[in-house]
Undergrad: 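What follows is a single structure, and I will ask about it in a moment.
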Amino acid sequence: MSSEKVPSTLPIAPLWASPFRPFCALGVAYGVALMAAWVAMRAGLVGAAGGSAAAQAWHAHEMLYGHAAAIVCAIALTALPGWAGTPEIRGAPLMGLVLLWVAARFAFWWRESLPLEAAVGGALALWVVLAAVLAVQLARVANRAYLLVLVVIAGLLAGEALFLTGRPAAGILAALYALMLLYALAGGVFTPVFTGNHLRATGRGEQATFVRPLEAAAVASIVALAVADLAGAPPSWRAALAFAAFAVHAVRLARWRGWTVLDQPLLWTMHAGYAWMTASFLLQALGDLGSAGAARAGLHAFTVGALGSAMIGLMTRVALRHTGRPLALPRAIVAAHLLVQAAAVARVGGAIAGGGDAWVVAAGLAWVAAFAIYLATFGPM
């Protein structure tokens, strides 16, 4: 559904005509500001208020629950009307959701000054309302697989509650696994479908067929790993489950034949992102077997590599398609896609090599440049 088709009788400003507009703009701007502050601290240009532990906490929390969550809202709420046939949220209801996202940011940053109930309530309100709205919409959809979106939202809601009530590590883990599950669900549809569309249009082949047992195994492997990790299972168990997840997702990725679309940035960035998530499982397994560098690398293979690739790739596609423009990328945006990959290589490579702050700063600068380019290019649209 094109966000340009707004009934003329509705006095809706363009910003509130479709979810991707405010959520992408806010999410990207917020992410750039967060990462710039993080780079400045790691470079020694400014001190870390509250100490390094506090800085690590806000960096992890806000990059996931602030920046990434806004992009998730943008993509999911824009894609569901077209794919699942749900009504598009726009106008005053959309404005309300955005205000809840803003309120959650205030609740996090001022949590020490607020009563615990107010901080938790302010942070959870977005997920509670979003779950309620989507539950009503998706209950009418024939394909029950879309209900898994509610599982993702429940994971984010539970993780936020854990973080703010004294279990920050569990809260971050819950967010990571919820986003991994969403990635497996959405990436497992978008990537082969968009790749197949291009291959057919250029006479180079067909879309890879969906193998239902493999698709189910991909989802189950993430759920099993999440349960084991959050339950504190022994490292050997987690390693076995992570190796299994790596194998399943590697087979899934190989079947999509990403090497056939290396000339299309909008497509190869989706395959690259899924490859980063697949690699994160392998690195997580090695980390559980004792490699500290691999454990850190696995975390950033997903957050920088997989999420970064997916966000900039899907935001680009949505911004062009839903404003009636052809899927032709300006050179600056192609450079932004490459900068995300450079950021992931630097962050993951630095973690594996045991590198210091210089690697973090280099990765952060590349990431900031990529998303600043996106904001400058597509913000006016």
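What you are looking at is a predicted structure, and each value in this text was computed from that prediction instead of being measured.
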Undergrad: Do the side chains of Leu157 and Leu130 get nearer than 4.5 Å, heavy atoms only?
TA: no
Undergrad: Taking the side chain from Arg321 and the backbone from Leu327, do they hold a donor-acceptor pair closer than 3.5 Å?
TA: no
Undergrad: Hydrophobic clusters here meaning ILVMFWY residues chained together by side-chain heavy-atom distances under 4.5 Å, can you tell me if Met180 and Leu182 are in one?
TA: yes
Undergrad: Please find the pair of heavy atoms, one from Tyr177 and one from Ala226, that lie closest to each other, and give the distance.
TA: CG-CB, 3.4 Å
Undergrad: To the closest 0.5 Å, what do you measure between CE (Met270) and OG1 (Thr191)?
TA: 3.5 Å
Undergrad: According to a hydrophobic-cluster definition based on side-chain heavy atoms being under 4.5 Å apart (Ile, Leu, Val, Met, Phe, Trp, Tyr only), do Leu283 and Tyr183 belong together?
TA: no
Undergrad: Taking all heavy atoms of Ala363 and all of Ala346, pick out the closest pair and write down the distance.
TA: CB-CB, 3.9 Å
Undergrad: According to a 4.5 Å side-chain heavy-atom criterion applied to Ile, Leu, Val, Met, Phe, Trp and Tyr, with indirect links allowed, do Val345 and Val334 form part of one hydrophobic cluster?
TA: no
Undergrad: What is the minimum heavy-atom distance between Ala174 and Gly159, and which atoms define it?
TA: CB-CA, 3.5 Å
Undergrad: Evaluate side-chain contact (heavy atoms from CB on, under 4.5 Å) for Val120 paired with Glu117, printing each intermediate quantity in order.
TA: CA-CA 5 Å; Val120 173; Glu117 295 79 5; over 6 Å; no
Undergrad: So, for His67 and Trp101, is the gap between ring centers shorter than 6.0 Å?
TA: no
Undergrad: Just how far is it from atom CE of Met63 to atom OH of Tyr30, taken to the nearest 0.5 Å?
TA: 10.0 Å
Undergrad: Indicate, with yes or no, if Leu329 and Phe371 share a hydrophobic cluster defined by side-chain heavy-atom contacts under 4.5 Å among Ile, Leu, Val, Met, Phe, Trp and Tyr.
TA: yes
Undergrad: Would Glu62 and Trp38 count as a side-chain contact (heavy atoms from CB on, under 4.5 Å) here? Give the steps.
TA: CA-CA 11 Å; Glu62 287 303 278; Trp38 181 246; over 6 Å; no
Undergrad: Quick one: is the NZ or CZ of Arg111 closer than 6.0 Å to the six-membered ring centre of Phe108, and within 45° of its axis?
TA: yes
Undergrad: When rounded to the nearest 0.5 angstrom, what distance separates CG in Leu64 from CG in Leu179?
TA: 6.0 Å
Undergrad: Under a 4.5 Å cut-off applied to non-hydrogen side-chain atoms, are Arg21 and Trp16 in contact?
TA: no
Undergrad: For residues 249-258, tabulate all N or O donor-acceptor pairs below 3.5 Å that involve a side-chain atom, not counting sequence neighbours.
TA:
from, atom 1, to, atom 2, distance (Å)
His249, ND1, Tyr274, OH, 2.7
His249, NE2, Ala218, O, 3.1
His249, NE2, Ser221, OG, 3.2
Arg252, NE, Glu215, OE1, 3.1
Arg252, NH1, Ala184, O, 2.9
Arg252, NH1, Tyr274, OH, 2.6
Arg252, NH2, Ala184, O, 3.3
Arg252, NH2, Glu215, OE1, 2.5
Arg255, NH1, Thr209, O, 2.9
Arg255, NH2, Thr209, O, 2.9
Arg255, NH2, Thr209, OG1, 3.1
Arg257, NH2, Glu206, O, 2.4

Undergrad: Centre-to-centre under 6.0 Å for Tyr65 and Trp127, is that the case here?
TA: no
Undergrad: Which is it for Ser18 and Glu88 under the side-chain hydrogen bond (donor to acceptor under 3.5 Å, both in side chains) test, yes or no, and what are the steps along the way?
TA: CA-CA 7 Å; Ser18 185; Glu88 187 168 42; 2.8 Å; yes
Undergrad: Determine whether Val261 and Leu266 make a side-chain contact, defined as any pair of heavy atoms from C-beta on separated by less than 4.5 Å.
TA: no
Undergrad: Is a side-chain N or O of Arg144 found less than 3.5 angstrom from the main chain of Ala139, in a donor-acceptor match?
TA: yes
Undergrad: Between atom CZ of Phe194 and atom CD of Gln264, what is the distance when rounded to the nearest 0.5 Å?
TA: 13.5 Å
Undergrad: Considering non-hydrogen atoms only, spot the tightest contact between Gly31 and Trp367 and give its length.
TA: O-CZ3, 3.5 Å
Undergrad: With heavy-atom distances below 4.5 Å as the criterion, would you say the side chains of Arg347 and Trp359 are in contact?
TA: no
Undergrad: What are the two closest non-hydrogen atoms of Ala336 and Ile373, and how far apart are they?
TA: CB-CG2, 4.0 Å
Undergrad: Would you check if there is a donor-acceptor pair between the side chains of Gln207 and Thr195 at a distance under 3.5 Å?
TA: no
Undergrad: Heavy-atom distance under 4.5 Å between the side chains of Val368 and Leu365, does that happen here?
TA: no
Undergrad: Would you mind reporting whether Trp83 and Val193 have side-chain heavy atoms less than 4.5 Å apart?
TA: yes
Undergrad: Show your reasoning for whether side-chain contact (heavy atoms from CB on, under 4.5 Å) applies to Thr303 and Trp276.
TA: CA-CA 9 Å; Thr303 55; Trp276 280 115; over 6 Å; no
Undergrad: As a test of understanding, state which of Leu94, Leu80, Ile75 forms a side-chain contact (heavy atoms from CB on, under 4.5 Å) with Pro19.
TA: Leu94
Undergrad: Verify the neighbour count for atom CZ of Phe210: are there more than 12 heavy atoms of other residues, nucleotides or ligands below 6.0 Å?
TA: yes
Undergrad: Are Leu156 and Val223 linked, directly or through other ILVMFWY residues, by side chains that come within less than 4.5 angstrom of each other?
TA: yes
Undergrad: To the closest 0.5 Å, what do you measure between SG (Cys24) and CE (Met311)?
TA: 10.0 Å
Undergrad: Check for a donor-acceptor pair, side chain of Tyr374 on one end and backbone N or O of Met315 on the other, with a separation under 3.5 Å.
TA: yes
Undergrad: Does any non-hydrogen side-chain atom of Phe378 lie less than 4.5 Å from one of Ile333?
TA: yes
Undergrad: Applying side-chain contact (heavy atoms from CB on, under 4.5 Å) to Arg317 and Leu267, what does each step give before you reach the verdict?
TA: CA-CA 10 Å; Arg317 178 179 288 274; Leu267 295 176; 3.7 Å; yes
Undergrad: Can you label the angle between the Trp58 ring and the Trp109 ring as parallel, tilted or perpendicular, going by 30° and 60°?
TA: tilted
Undergrad: List the residues meeting salt bridge (charged side-chain N to carboxylate O under 4.0 Å, His left out) with Arg204, not counting sequence neighbours, and say none if there are none.
TA: Asp263
Undergrad: Would you say that Leu97 contacts Phe23 through its side chain, given a criterion of any heavy-atom pair below 4.5 Å between the two side chains?
TA: yes
Undergrad: For Leu241 and Ala228, work out which heavy atoms get closest and say how close.
TA: CD1-CB, 3.5 Å
Undergrad: Please answer whether the main-chain N or O of His337 pairs with a side-chain N or O of Thr269 as donor and acceptor at a distance below 3.5 Å.
TA: no
Undergrad: Just how far is it from atom CD1 of Ile222 to atom CG of Leu185, taken to the nearest 0.5 Å?
TA: 7.5 Å
Undergrad: Does atom CZ (Arg167) have a neighbourhood of more than 12 heavy atoms from anything else shown, all under 6.0 Å?
TA: no
